[in-house]
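What follows is a single structure, written as structure tokens, with notes after it.
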Number of protein chains: 2
Amino acid sequence: MNISQVSKKYGLSVDTLRYYEKEGLIPPVHRNESGLRDYTEQDCGWVEFIKCMRAAGLSIDTLREYITLYFKGNRTLQKRKNLLIAERDKLQARLKEMQGTLERLDYKIRVYEEKIVQCEKELLKKRKSK
Amino acid sequence: MNISQVSKKYGLSVDTLRYYEKEGLIPPVHRNESGLRDYTEQDCGWVEFIKCMRAAGLSIDTLREYITLYFKGNRTLQKRKNLLIAERDKLQARLKEMQGTLERLDYKIRVYEEKIVQCEKELLKKRKSK
DNA sequence: GCTTGACTTGGAGTAAACTCCAGATATTAC
DNA sequence: GTAATATCTGGAGTTTACTCCAAGTCAAGC
């Protein structure tokens with residue numbers, strides 16, 4: 001799979017794909033004979049994982065640290081687990097806060113609906129009274 | 001309430017408070033005789049609202065647009081409502097995606113726990129066989 | 001009244017995460 | 001075979017959202 005196919009598949013620009021690789025967020029992608037990127041199934045898996053984690057707000061730095069540990073093998077299992085737990089906890093906190101904000105927006109929208117109805121009533125009154 | 005008190009109360013730096021005001025995210029804050037900011041209850045309300053919306057991911061641009069509409073009065077009620085609905089929908093989508101990522105992280109962490117147990121077992125085996 | 005610390009402004013600087021560019025090589029279509 | 005298109009790299013530029021700075025005014029303690 002070449003880079004533009006992967007770009008389409010995951011909705012990341014080719015520049016972003018190269019950037020993630022350059023920054024060490026994903027392992028070096030497999031190349032064909034002439035040096036062009038040829039993403040394997042596994043390469044795609046990493047892209048998908050990073051895309052997902054980035055969308056959830058994990059930083060480039062954190063993700064780079066994770067894959068750096070990953071490449072040090074089994075002796076970093078505990079560290080990687082701890083990193084994931086820390087990020088999970090942060091994500092959970094963000095989610096809770098955002099859930100609250102969603103409810104607040106819902107409430108605000110309902111209030112706007114009432115205000116709009118109210119406003120229309122008043123306009124009607126004014127017209128009648130003329 | 002002076003700016004550093006508001007800063008402490010909401011956990012936003014004084015620079016950020018001034019920046020939000022300069023950018024028109026919050027209405028101009030009340031000043032005392034000598035020109036220093038003296039936040040009213042209402043000013044604080046705006047600060048809290050903007051802080052909350054920013055934390056949920058609404059952009060500076062969007063929030064500026066909202067308060068610009070707000071200051072045009074009742075004839076922008078429908079527009080403001082539509083803006084809030086659009087942002088609510090985006091937030092809801094983000095939340096759903098992030099919820100999925102949270103579950104994925106939870107799963108990954110459980111897998112790590114198993115891997116760690118497995119790894120320790122193997123270490124023990126190696127030691128015994130020596 | 002003077003020093004020390006807080007507040008003011010306009011504008012410059014920074015961090016994170018891309019995004020774009022130039023110049024070179026590779027592939028595809030005709 | 002050649003033109004058009006895609007990919008490569010290193011590095012510069014951009015966007016968003018702050019964050020810091022300088023130079024000046026204001027306020028509180030002694």
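By convention in this document, chain letters (A, B, ...) are assigned in the order of the sequence lines, proteins followed by strands, and residues within each chain are numbered from 1. These figures come from a predicted structure and were not determined experimentally.
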From the set [options], return the single nucleotide nearest to any side-chain atom of [X].
X: A:Arg31; options: D:dT9, D:dA17, C:dT9; value: D:dT9
X: A:Ser34; options: C:dA26, C:dG10, C:dC18; value: C:dA26
X: A:Leu36; options: C:dA17, D:dC8, D:dC21; value: D:dC8
X: B:Ile3; options: C:dT8, D:dT9, D:dG11; value: C:dT8

Using OP1 and OP2 only, check whether a side-chain N or O of [X] sits under 4.0 Å from [N].
X: B:Arg18; N: D:dC20; result: no
X: B:Asn2; N: C:dA6; result: no
X: A:Arg37; N: D:dT9; result: yes
X: A:Ser4; N: D:dT7; result: yes
X: B:Thr16; N: D:dA17; result: no
X: B:Ser13; N: D:dC18; result: no

[X] [atom1] - [N] [atom2] separation (whole Å):
X: A:Asn32; N: D:dC8; atom1: CG; atom2: P; value: 9 Å
X: B:Leu58; N: D:dT16; atom1: CG; atom2: P; value: 15 Å
X: A:Leu25; N: C:dC18; atom1: CG; atom2: P; value: 9 Å
X: B:Tyr19; N: C:dT9; atom1: OH; atom2: P; value: 16 Å
X: B:Asp15; N: C:dA15; atom1: CG; atom2: P; value: 15 Å
X: A:Tyr20; N: C:dA17; atom1: OH; atom2: C1'; value: 8 Å
X: A:Glu21; N: C:dA17; atom1: CD; atom2: P; value: 18 Å
X: A:Leu17; N: C:dC20; atom1: CG; atom2: C1'; value: 16 Å

With a non-hydrogen cut-off below 4.0 angstrom, is A:Arg54 in contact with a base, only sugar-phosphate, or nothing?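 Result for A:Arg54 = sugar-phosphate.
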Using a 6.0 Å distance limit plus a 45 degree cone around the ring axis, check whether A:Lys115 lies over the aromatic ring of A:Tyr112.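 Because its charged atom sits under 6.0 Å from the ring centre and within 45° of the axis, A:Lys115 does stack over A:Tyr112.
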Lys/Arg cation over aromatic A:Phe49: B:Lys108, 6.0 Å, 45° cone: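 Pair B:Lys108/A:Phe49 counts as cation-pi.
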Are B:Phe71 and B:Leu84 connected, step by step, through hydrophobic side chains (Ile, Leu, Val, Met, Phe, Trp, Tyr) whose heavy atoms are closer than 4.5 Å?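 B:Phe71 clusters together with B:Leu84.
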For residues B:Leu63 and A:Val111: do they belong to one hydrophobic cluster (side chain heavy atoms under 4.5 Å, members Ile, Leu, Val, Met, Phe, Trp, Tyr)?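 Hydrophobic grouping puts B:Leu63 apart from A:Val111.
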Under the side chain to side chain donor-acceptor pair (under 3.5 Å) test, which residues partner A:Glu48, sequence neighbours left out?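 Partners of A:Glu48 under the side chain to side chain donor-acceptor pair (under 3.5 Å) test: B:Arg104.
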Assuming nearest nucleotide by heavy-atom distance, tell me which of A:Ile60 and B:Asp38 is located more 5' along DNA chain C.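 Nearer the 5' end of the strand: B:Asp38.
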Map A:Asp61 and B:Lys22 onto DNA chain C by nearest heavy atom, then report which one ends up closer to the 5' terminus.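 By nearest-heavy-atom nucleotide position, the 5'-most residue is B:Lys22.
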Using the ring of each side chain (for Trp, its six-membered ring), is A:Tyr66 parallel, tilted or perpendicular to A:Trp46, with breaks at 30° and 60°?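 The rings of A:Tyr66 and A:Trp46 sit tilted, inter-plane angle from 30° to 60°.
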